[in-house]
Amino acid sequence: MPQIVVLPHVELCPEGAVLEVAPGTSVCRALLDNHIEIEHACELSCACTTCHVIVREGFESLTPAEDEEEDLLDKAWGLEPTSRLSCQTLMPDDADLVVEIPKYTINHAKENH
């Protein structure tokens with residue numbers, strides 16, 4: 001079964017983690033199911049950027065982002081060439097991923113704006 005290696009994140013996953021994930025599962029769902037409480041303000045509907053992750057390894061094994069995701073990613077904090085919205089990123093059949101959860105998100109509700 002493919003794995004997601006989650007790099008350490010000070011608040012959400014201080015020790016990092018290695019998750020066994022069924023192919024076709026979204027990265028966001030895999031994180032949440034394993035008690036890594038990544039923000040997901042739009043409830044996984046591709047309407048915000050709070051579940052933004054940076055794919056450090058395995059990016060080439062993913063299906064390309066659709067236009068809607070690309071448009072939203074332009075608004076994400078800390079955007080990198082291998083950034084994806086974790087709610088739209090599905091685990092490939094035969095490759096592992098290494099993901100980094102950025103330190104910040106753009107979540108006006110959480111930031112009391």
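Given the structure is predicted, the values throughout are model-derived calculations rather than measurements. Numbering of residues begins at 1 and proceeds along the displayed sequence.
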Roughly how far apart are [X] [atom1] and [Y] [atom2], rounded to 0.5 Å?
X      : Y     : atom1 : atom2 : answer
Met1   : Thr25 : CE    : OG1   : 8.5 Å
Glu100 : Thr82 : CD    : OG1   : 9.0 Å
Leu32  : Glu39 : CG    : CD    : 11.0 Å
Glu37  : Glu11 : CD    : CD    : 12.5 Å
Leu90  : Gln88 : CG    : CD    : 7.5 Å
Leu62  : Arg84 : CG    : CZ    : 5.5 Å

Using every non-hydrogen atom in the two residues, find where [X] and [Y] come nearest and quote the distance to one decimal.
X     : Y     : result
Phe59 : Ser83 : CE1-O, 4.3 Å
Cys87 : Ser26 : O-CB, 3.7 Å
Leu97 : Ser61 : CD2-OG, 4.0 Å
Gly78 : Ile54 : O-CD1, 4.1 Å
Leu12 : Ile38 : CD1-CA, 4.0 Å
Ala95 : Pro2  : O-CB, 3.4 Å

Please determine whether the number of non-hydrogen atoms from other residues, nucleotides or ligands lying under 6.0 Å from atom CD of Glu20 exceeds 12.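 Yes, enclosed.
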
Would you say CG of Asp74 has more than 12 non-hydrogen atoms from neighbouring residues, nucleotides or ligands within 6.0 angstrom?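 Check passes, neighbour count above 12.
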
Less than 4.5 Å apart, any side-chain heavy atom of [X] and any of [Y]?
X     : Y      : result
Leu19 : Ile36  : yes
Val98 : Val55  : no
Val10 : Lys103 : no
Pro8  : Pro14  : no
Leu73 : Thr49  : no

Could you verify whether a donor N or O on one side chain and an acceptor N or O on the other, from Ser86 and His52, lie under 3.5 Å apart? no

Is there a path from Leu85 to Val99 through hydrophobic residues (I, L, V, M, F, W, Y) whose side chains come within less than 4.5 Å of each other? no

same_hphob_cluster(Leu7, Val18) at 4.5 Å side-chain heavy-atom cutoff: yes

Ion pair Glu80/Arg56, N-O distance below 4.0 Å: yes

Closer than 3.5 angstrom, by distance alone: can the side chain of Asp96 be matched with the main-chain N or O of Gln3 as a donor-acceptor pair?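 Answer holds: yes.
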
